[in-house]
Amino acid sequence: MESAGSRPKDDVSLPKATMTKIIKEMLPPDVRVAKDAQDLLVECCVEFINLISSESNEICSKEEKRTIAPEHVLRALEILGFGEYLAEVQAAYEQHKNETMESPKVGGRWGKEGGGGMTEEEAIAAQQRMFAEARARMNSGTTIAPTQTNDSE
């Protein structure tokens with residue numbers, strides 16, 4: 001199978017620090033991993049991602065879709081012989097969805113219960129107020145400390 005097209009091999013990789021942390025977390029504390037072995041594991045992960053992405057894209061194209069959806073990835077895993085991991089992958093995906101929806105910064109959901117401290121309307125009003133203050137400072141040529149918002153309401 002061909003790899004990621006005409007891109008050079010060094011063009012795509014995964015963060016080494018993150019990969020090292022993942023590798024070390026999976027091993028007993030008394031086991032060390034040679035640098036060459038770590039590099040090989042990173043290359044395997046990149047190739048795995050390329051393989052799953054390519055198959056997901058083919059599934060997506062056959063459905064005449066333009067965006068790869070999680071369902072395409074799950075189907076790709078099954079087609080490529082990784083069906084035994086589907087339950088674990090689905091559980092991880094559900095956990096990710098739940099965590100993303102609970103975070104106002106990542107999920108884009110507003111509301112005081114989400115920990116953002118403001119409703120969407122309050123955030124828009126605060127943003128407009130800050131824009132107006134910045135315009136006023138810029139037009140007057142003076143530096144005025146911005147108005148503090150009360151987040152404890």
Side-chain angles (χ1 to χ4, degrees), residues 1-131 133-134 146 148-153:
M1 181 181 130
E2 254 180 61
S3 154
S6 62
R7 286 182 283 177
K9 185 178 178 182
D10 294 338
D11 192 32
V12 179
S13 188
L14 295 169
K16 290 198 187 268
T18 302
M19 293 301 299
T20 300
K21 181 180 177 201
I22 291 169
I23 293 166
K24 287 182 178 181
E25 285 177 357
M26 298 304 298
L27 299 173
D30 61 328
V31 175
R32 294 175 34 153
V33 180
K35 184 179 179 336
D36 289 350
Q38 283 184 359
D39 292 344
L40 179 60
L41 284 168
V42 169
E43 288 300 318
C44 289
C45 291
V46 169
E47 188 57 35
F48 179 75
I49 292 169
N50 287 335
L51 180 68
I52 299 298
S53 299
S54 177
E55 187 65 33
S56 300
N57 184 48
E58 286 183 32
I59 294 166
C60 182
S61 294
K62 286 177 185 172
E63 293 180 6
E64 297 181 359
K65 304 279 184 176
R66 297 185 67 202
T67 303
I68 296 173
E71 297 75 31
H72 299 134
V73 176
L74 294 170
R75 181 75 182 124
L77 286 168
E78 188 175 5
I79 289 170
L80 293 168
F82 297 102
E84 65 190 80
Y85 299 102
L86 285 176
E88 191 173 341
V89 170
Q90 185 67 40
Y93 172 59
E94 291 299 324
Q95 180 182 353
H96 169 73
K97 266 195 331 191
N98 292 337
E99 289 171 0
T100 301
M101 285 297 139
E102 291 170 5
S103 170
K105 290 182 181 176
V106 178
R109 193 165 81 174
W110 291 86
K112 291 184 180 186
E113 73 280 352
M118 294 184 196
T119 64
E120 184 174 7
E121 293 78 20
E122 290 170 332
I124 291 171
Q127 180 184 41
Q128 293 302 322
R129 186 176 58 253
M130 287 185 274
F131 283 151
E133 290 171 358
Q148 295 293 320
T149 59
N150 186 0
D151 291 338
S152 62
E153 292 180 5

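As the structure is a computational prediction, the values presented were derived from the model and not from experiment.
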Rounded to the nearest 0.5 Å, how far apart are [atom1] of [X] and [atom2] of [Y]?
{"X": "Glu94", "Y": "Gln90", "atom1": "CD", "atom2": "CD", "result": "5.0 Å"}
{"X": "Met101", "Y": "His96", "atom1": "CE", "atom2": "NE2", "result": "8.5 Å"}
{"X": "Ser61", "Y": "Arg66", "atom1": "OG", "atom2": "CZ", "result": "10.5 Å"}
{"X": "Glu122", "Y": "Arg129", "atom1": "CD", "atom2": "CZ", "result": "10.0 Å"}
{"X": "Lys65", "Y": "His72", "atom1": "NZ", "atom2": "NE2", "result": "6.5 Å"}
{"X": "Glu47", "Y": "Ile52", "atom1": "CD", "atom2": "CD1", "result": "10.5 Å"}

**Pair listing, salt bridge (charged side-chain N to carboxylate O under 4.0 Å, His left out) test, anchored in residues 14-42, at least two apart** = Lys16-Asp39, Lys21-Glu25, Lys35-Asp39
**Item:** Derivation and outcome, side-chain contact (heavy atoms from CB on, under 4.5 Å), residues Val89 and Val73
**Value:** CA-CA 10 Å; Val89 170; Val73 176; 5.9 Å; no
**Request:** Please test Leu41 against Ile22 for side-chain contact (heavy atoms from CB on, under 4.5 Å), starting from the C-alpha separation and ending with a verdict.
**Result:** CA-CA 11 Å; Leu41 284 168; Ile22 291 169; over 6 Å; no
**Prompt:** Do the side chain of Ser54 and the main chain of Asn50 share a donor and acceptor less than 3.5 angstrom apart?
**Reply:** no
Nearest heavy-atom neighbours spanning [X] and [Y]:
{"X": "Leu74", "Y": "Leu86", "result": "O-CD2, 3.4 Å"}
{"X": "Ser53", "Y": "Ile68", "result": "O-CD1, 4.1 Å"}
{"X": "Thr67", "Y": "Cys60", "result": "O-SG, 3.3 Å"}

**Asked** So with a 6.0 Å cut-off around CD of Glu88, is the heavy-atom count from everything else above 12?
**Response** no
